[in-house]
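Inspection log for the structure reproduced underneath, given as structure tokens.
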Amino acid sequence: MDFEFSAEQQQLKEQARRYLADKCPTTAVRAILEGSDPFDRALWQGLGEMGFLGAAIPEEYGGLGLGYLELCVIAEELGRALAPVPVSSSIFLVAEILKAAGSEEQKQRWLPKLASGEVIGTLASVEATGSVRPSNVALSAKAGTLTGAKSPVLDGDIADIAIVLARHAPGKDAQGLSLYLVDLNQSGIERTVLDTIDPSRSQAKIAFKDAAAELVGAAGDGWRLYEEALDRAAILTGFEQIGGADKALEMGRDYALQRFAFGRAIGSFQAIKHMLADMYVSATLARSNGYFGAYALSTGSADLAEAAATMRVSSTKAFQHCAKNNIQVHGGMGFTWAMDCHLYYRRSNLLAVSLGGLNEWEDKLIDRLRAKNAA
Amino acid sequence: MDFEFSAEQQQLKEQARRYLADKCPTTAVRAILEGSDPFDRALWQGLGEMGFLGAAIPEEYGGLGLGYLELCVIAEELGRALAPVPVSSSIFLVAEILKAAGSEEQKQRWLPKLASGEVIGTLASVEATGSVRPSNVALSAKAGTLTGAKSPVLDGDIADIAIVLARHAPGKDAQGLSLYLVDLNQSGIERTVLDTIDPSRSQAKIAFKDAAAELVGAAGDGWRLYEEALDRAAILTGFEQIGGADKALEMGRDYALQRFAFGRAIGSFQAIKHMLADMYVSATLARSNGYFGAYALSTGSADLAEAAATMRVSSTKAFQHCAKNNIQVHGGMGFTWAMDCHLYYRRSNLLAVSLGGLNEWEDKLIDRLRAKNAA
Amino acid sequence: MNFDDTPHEAAFRAEARAWIDANAPKHLLPHLEKAGFGGIELGGLDPMKEAKAWQKKKYDAGWACLHWPKEYGGRGASPIERVIWNQEEGPYAALSGSFIIGHGMCGPTVMDWGPEEAKRELLPRLAAGEDIWCQLFSEPAGGSDLAGLRTKAERDGDDWVINGQKIWTSGAHYSQWGILITRTDPDVPKHKGLTMFFLRMDTPGVRIVPIKQANGQSGFNEVYFDNVRLPDSQRLGGVGEGWKVSLTTLMNERLSIGSGMSAGFPDIFEFCKELELADGTLAINDRGVRSKLAEWACRQSGLKYTGMRAISALSRGENPGPENSIGKLVAGSSLQEIAMFALDLQGQAGAVSDPKLAAMAAKFQAQLLRSPATRVEGGTDEILRNIIGERVLGLPDDMRADKGIAFNKIPTA
Amino acid sequence: MNFDDTPHEAAFRAEARAWIDANAPKHLLPHLEKAGFGGIELGGLDPMKEAKAWQKKKYDAGWACLHWPKEYGGRGASPIERVIWNQEEGPYAALSGSFIIGHGMCGPTVMDWGPEEAKRELLPRLAAGEDIWCQLFSEPAGGSDLAGLRTKAERDGDDWVINGQKIWTSGAHYSQWGILITRTDPDVPKHKGLTMFFLRMDTPGVRIVPIKQANGQSGFNEVYFDNVRLPDSQRLGGVGEGWKVSLTTLMNERLSIGSGMSAGFPDIFEFCKELELADGTLAINDRGVRSKLAEWACRQSGLKYTGMRAISALSRGENPGPENSIGKLVAGSSLQEIAMFALDLQGQAGAVSDPKLAAMAAKFQAQLLRSPATRVEGGTDEILRNIIGERVLGLPDDMRADKGIAFNKIPTA
């Protein structure tokens with residue numbers, strides 16, 4: 001048994017950490033949060049050049065041809081650094097869907113550009129408040145064009161292409177749904193940037209009017225492909241969340257060591273010490289569940305769906321818990337704009353809903369445990 | 001506004017507390033828990049003689065003719081003392097149902113004896129694991145007789161009479177249910193004492209075979225009367241729970257003051273101090289909700305159903321929380337048979353299910369808030 | 001056990017209600033009823049101007065600072081009359097946010113410790129809303145450890161010279177006056193070397209810098225003191241008595257913070273009645289949702305009736321018990337839990353914070369970003385648990401590393 | 001990242017599996033697989049006799065105490081081989097409950113600190129299951145504060161005379177030997193005046209009284225020492241070195257407690273698949289139930305994979321990280337929450353604890369009454385959080401009222 005990342009993978013992780021410490025300190029995150037740029041272009045380009053974006057994309061399509069485990073350790077570091085770049089949309093979702101279901105032509109055309117960062121992709125699925133389900137996907141696909149709107153779309157303002165969950169056959173059921181690839185730089189597209197809780201990752205509404213689109217995967221397979229893509233993304237995003245949780249815990253720990261009140265470091269008070277201990281517990285549970293997620297993803301295990309839901313629930317709670325209590329450890333300082341605590345708090349709450357809320361994933365987890373148990 | 005018990009009611013409470021401190025120290029509770037007697041007969045008789053049992057029973061039926069507020073303060077003290085007597089079954093449920101729906105003859109016959117303690121009553125409703133609902137009440141009433149079984153029945157081994165929720169018309173619906181009064185000292189009755197988590201309150205299975213029974217209230221009104229009785233009992237039992245929670249909090253506080261570790265009282269450690277503070281918070285919320293319950297009960301307010309569900313959820317959680325953490329404050333000592341902590345822990349968990357579980361009351365609470373909101 | 005007024009209370013309530021009905025700015029009501037996190041918005045009108053107008057009107061008719069003595073601009077009313085007034089003023093009270101610190105904390109402190117002349121001159125102006133006051137207490141180095149403050153006041157002839165920095169001063173930027181706690185003797189234990197003053201906020205050497213909060217708003221300030229010179233006549237209480245004086249302020253702060261706080265249940269209840277879940281059922285019908293709603297409902301009503309118990313005690317002429325100390329502790333974490341849960345139910349749309357697009361005008365998104373402050377301001381959750389443990393339950397103090405040690409010898413790193 | 005054995009590990013596993021398959025008491029398997037709270041029940045057979053038989057069989061074949069050196073009765077196996085053995089032994093390990101303290105804690109302590117002669121004589125008997133050992137550490141006055149112990153040992157010629165009382169001594173009533181920590185010098189700070197011994201439990205003056213626990217069972221004892229006389233040759237480590245010696249024991253205890261603990265999810269999952277709720281749906285389909293199940297499922301799998309990470313570290317020849325310290329903390333509260341929730345779902349029937357009548361053979365009722373002990377034994381939740389905070393996260397110690405103070409001067413009331 002070796003339930004740990006290999007020495008090479010850990011080196012890659014170290015390399016990513018050093019790279020991000022240099023190119024993506026929190027001042028860079030703040031620049032996006034506060035400024036008008038929707039994402040950090042230089043960082044994005046650099047991640048492409050370093051091969052981080054294409055780590056799990058085959059060499060024949062312009063990637064490094066490493067595997068999911070390598071992408072997991074990179075994701076963790078991106079989460080730790082709060083990297084203000086569209087990796088989750090472009091790589092965890094769009095590149096993954098193309099790898100799984102794209103035609104040879106689609107792969108050849110888009111994967112190399114996604115790997116280099118030249119093209120940014122996003123997944124557009126949401127049309128209503130609440131969970132995405134077949135009955136509330138109405139955007140319509142007819143004769144190679146899409147008409148309707150998706151909102152919010154993470155990185156929708158900056159993406160060059162989108163994979164869109166659309167309805168090709170009338171009705172409310174999953175069989176009428178397919179995935180379409182759309183070039184967003186065409187006239188039938190209108191985008192509106194949205195205010196969100198975490199402006200370090202931009203979001204938009206995208207309106208489609210007779211926009212040219214091509215099918216990805218078979219017609220009628222849209223819902224299945226979408227759900228499978230969410231599972232893989234849940235594990236990769238889960239590593240972002242683990243990275244964020246760990247960093248929030250470290251920030252809290254460091255502050256508790258350095259800040260004195262009543263003549264002693266506040267970390268010597270049990271109220272603070274035990275709060276940090278509980279943060280460590282949730283972060284550790286999430287990491288361990290994450291390792292199983294990484295294992296399942298990298299081996300294509302039959303447990304992948306269960307592992308994805310487990311990790312999603314575990315890592316979402318851990319990051320929210322750590323980010324929230326990191327502010328509490330910092331007291332009033334934690335609530336200033338100037339301190340970085342709120343950056344982690346914002347991101348933790350963005351990632352908590354970015355692939356659908358906890359309540360949806362809890363449901364999936366129990367469904368999957370039951371299916372396995374029945375099998 | 002006077003959102004407080006009156007001076008007279010507080011005197012009554014003091015009187016009950018002194019009486020129970022004298023007649024029902026925890027050694028008396030323990031005697032029932034450990035011994036073969038199913039309840040404390042002497043205490044029961046005393047409570048009848050003092051008028052505590054008949055506090056809310058009209059004078060014309062042998063009670064003191066006081067009101068619900070008086071019964072609430074007595075209930076709180078009974079809960080505080082963990083009184084090992086069938087007050088909740090005999091008074092909070094059976095006397096209440098007879099007051100609300102009994103015929104004049106039934107009231108005259110039974111209420112005086114219930115008030116004096118000469119007769120013990122109980123409510124028999126449960127036939128299956130889980131919540132009681134019309135569809136799982138099968139015990140059948142035919143031609144003035146009952147056949148079937150109820151289990152568990154709190155105080156079912158010691159009761160002289162039972163009010164039984166039974167099905168007079170076939171089917172699964174509520175309209176087919178009525179309440180029946182049964183003399184348990186007849187040949188058609190067979191009782192089996194059950195092992196439970198809190199042997200200081202005994203329980204039994206009661207099997208009925210062509211047992212003579214008489215209707216209480218109108219035929220078909222059984223379910224409504226049953227639910228209304230549960231609401232009133234939830235408030236009265238809620239006061240038992242508040243009393244228990246307060247006592248568990250006090251025990252924890254006192255131990256934390258007296259027990260030294262590492263050269264200081266353990267109550268000076270924030271881990272213990274904050275645990276006790278949180279116990280205080282939940283006990284206080286429950287008490288305040290309880291005051292509203294008492295108000296609603298005593299005035300027959302339209303908010304009674306909402307107040308009952310609110311108090312049930314709040315006081316159940318508070319007693320469980322305080323009893324559980326009182327053990328934790330006591331550490332290993334808290335887990336010995338010799339210390340009284342487990343008596344409160346057992347009782348808190350008995351009362352948490354004795355009128356149906358939290359999940360049922362949460363449901364009722366939201367239904368009721370919604371109905372009010374819609375009105 | 002009843003909710004009825006005594007005859008005297010009923011008469012007072014009727015009088016208050018009639019006056020409010022005749023005089024309140026009813027045109028502002030629709031805006032005031034929507035007031036939530038982040039101050040009030042009055043459809044383009046200047047909130048400060050409207051607030052001052054309403055306050056002056058109340059003052060002129062004898063309805064300002066009801067519990068203050070008449071000679072200082074109040075009404076000499078009983079505590080329960082004050083409560084009744086608050087109930088009747090209802091949403092219009094939202095106009096008075098800027099006066100809370102002055103009326104609730106600074107005024108009572110000056111009243112107890114200030115020179116008579118200053119009291120007669122300044123307190124009526126404060127009651128009338130002509131002046132706004134702020135409270136200069138917290139410092140960067142002393143948050144929960146208030147007495148660890150470092151801003152120093154040094155005697156120079158008849159004056160004092162102040163140097164240092166305060167933080168979290170709410171409303172400093174629109175205040176005319178402030179009360180200020182300083183260290184006048186660093187060689188004695190920390191609680192013993194403090195002295196309190198009052199000062200005009202435009203005194204030379206005072207510099208106010210707004211703090212941008214984590215949610216992007218700025219209600220608080222840093223205030224810097226650079227050789228600020230105050231006459232000794234602006235001292236409150238004796239030299240070295242500052243801690244005792246500050247306790248007047250803090251006691252009044254605790255009375256006001258947390259009492260009547262909402263735990264946030266009504267909003268999430270409303271939201272769940274409308275939202276459809278994945279399986280097509282309304283959220284309110286989902287047992288997972290219900291279980292959480294039930295918990296929050298019980299906290300909400302528990303706080304409400306805890307407040308009523310306190311009011312009843314006032315009504316009987318007693319001091320309220322310690323129960324009220326639970327208000328902010330319960331409300332703070334509830335508000336945060338509710339916000340997170342509401343976003344979760346909204347799914348990916350939960351991240352959108354534009355009030356024109358997001359459910360319930362983005363109330364939960366604002367609450368998510370504001371609620372961490374509620375758990376800290378005016379006493380962190382941890383300090384509140386200490387207070388409950390020590391003052392309510394009588395548990396021993398924490399061990400003190402700074403006990404009996406000269407302030408300048410207390411470890412700071 | 002894989003779950004595969006190395007070739008060496010695979011060979012070892014195959015050998016272990018084959019031996020177990022050929023030698024294990026398979027007729028006991030149905031009973032052992034049902035083992036839960038409250039010890040094992042073997043359908044009328046004597047559990048102690050069966051346990052000793054299985055232990056002796058393992059010992060004779062070289063499968064006892066795998067990580068001990070061969071000369072003391074072990075196999076000299078690597079840590080990962082020990083883990084593999086445990087995995088393969090599976091349910092049969094439930095037979096060995098009475099040996100855990102001896103093999104896991106007492107043995108290693110004697111091995112590190114005992115006289116060579118005693119080691120050669122006693123350790124093989126312990127490994128073979130011929131002797132059972134217990135650990136005489138906790139005292140009424142010192143629970144979490146172990147070093148606050150008061151049982152005193154006084155020198156008398158070549159002997160020591162012991163007086164005092166121990167508590168929570170698991171298995172004292174069936175043990176032949178014990179290790180005992182005593183205070184030999186009350187005039188020095190508390191950690192410095194301790195000395196450790198080993199002794200036969202039938203030494204004159206030793207009296208064992210079972211403790212009835214809150215759940216009615218008796219697995220623990222009080223042990224009284226009344227002028228118990230021990231030769232100096234039964235000392236472990238130097239005089240005054242008892243704390244250092246005890247750390248060997250405690251370190252080994254922490255390695256075994258909590259690792260591999262179940263958070264209780266499988267039982268509640270199973271139960272919810274069967275139970276019908278009020279509205280006729282199965283509990284497992286109820287979102288309120290699901291939300292709780294999901295949390296417990298994540299804790300269960302989180303602990304499982306945390307354990308695997310530790311095993312992997314062993315497999316690589318590293319020491320496991322501190323992650324394992326979370327096991328008991330997470331499992332204890334989960335077990336209690338689950339028990340309460342399961343009773344709640346059972347409604348009024350939830351109070352019935354008769355295994356013949358109650359759901360899942362009354363497993364949850366037993367768990368309700370047993371789980372409070374899990375949160376205390378071998379380190380309370382609060383001590384574990386301190387350990388995580390201090391040893392894992394590197395936070396400073398709590399302030400110590402007893403630091404550097406002679407034991408007999410430490411406040412005790």
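Within every chain, numbering begins at 1; the chains are lettered A, B, ... in the order of the sequence lines, protein sequences first and strands thereafter.
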Of the listed residues ([options]), which shares the most heavy-atom pairs with chain A below a 4.5 Å separation?
options                : result
D/S301, D/A297, D/G389 : D/S301
D/I388, D/T6, D/N386   : D/N386
D/D5, D/L393, D/D381   : D/L393

Let me know if [X] has heavy atoms under 4.5 Å from chain A in its side chain, its backbone, both or neither.
X      : result
D/K304 : neither
D/D398 : both
D/D4   : backbone

Determine whether [X] and [Y] make a side-chain contact, defined as any pair of heavy atoms from C-beta on separated by less than 4.5 Å.
X      : Y      : answer
A/Q10  : A/V73  : no
D/M340 : D/F364 : no
A/F239 : A/L71  : no

**OP:** Please check if the side chain of A/E240 supplies one atom and the backbone of A/A75 the other of a donor-acceptor pair under 3.5 Å.
**Re:**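 Such a contact is absent between A/E240 side chain and A/A75 backbone.
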**OP:** Give a yes or no on whether the backbone of A/R370 and the side-chain of D/K273 come within a donor-acceptor separation of less than 3.5 Å.
**Re:**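 Answer holds: no.
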What I want to check is whether the side chains of [X] and [Y] have a donor and an acceptor closer together than 3.5 Å.
X      : Y      : answer
D/S334 : D/E337 : no
A/R347 : A/Q241 : no
A/D278 : A/H274 : no

**OP:** Report, by ascending residue number, the residues of residues 282-295 of chain D in heavy-atom contact with chain A at a distance under 4.5 Å; give 'none' if the set is empty.
**Re:**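 Those residues of residues 282-295 of chain D which have a heavy atom under 4.5 Å from chain A are D/L282, D/I284, D/N285, D/R287, D/R290, D/S291, D/L293, D/A294, D/E295.
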Subject >> Atom of A/R312, atom of A/L351 and distance for their closest heavy-atom approach >> reply: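 Distance-wise, the nearest heavy atoms are NH2-O, 2.9 Å.
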Subject >> Distance-minimising heavy-atom pair for A/G267 and A/I272 >> reply: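 So the minimum-distance heavy-atom pair works out to CA-CG2, 4.2 Å.
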For [X], which atoms come within 4.5 Å of any heavy atom of chain D: side chain, backbone, both, or neither?
X      : answer
A/R253 : both
A/S6   : neither
A/L249 : side chain
A/L69  : side chain

Original post:
Which pairs pass ring pair (Phe, Tyr, Trp, His ring centres under 6.0 Å) with one or both residues in residues 278-306 of chain D, sequence neighbours excluded?
Top reply: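 Qualifying pairs: A/F3-D/Y305, A/F292-D/Y305, D/W296-D/F341.
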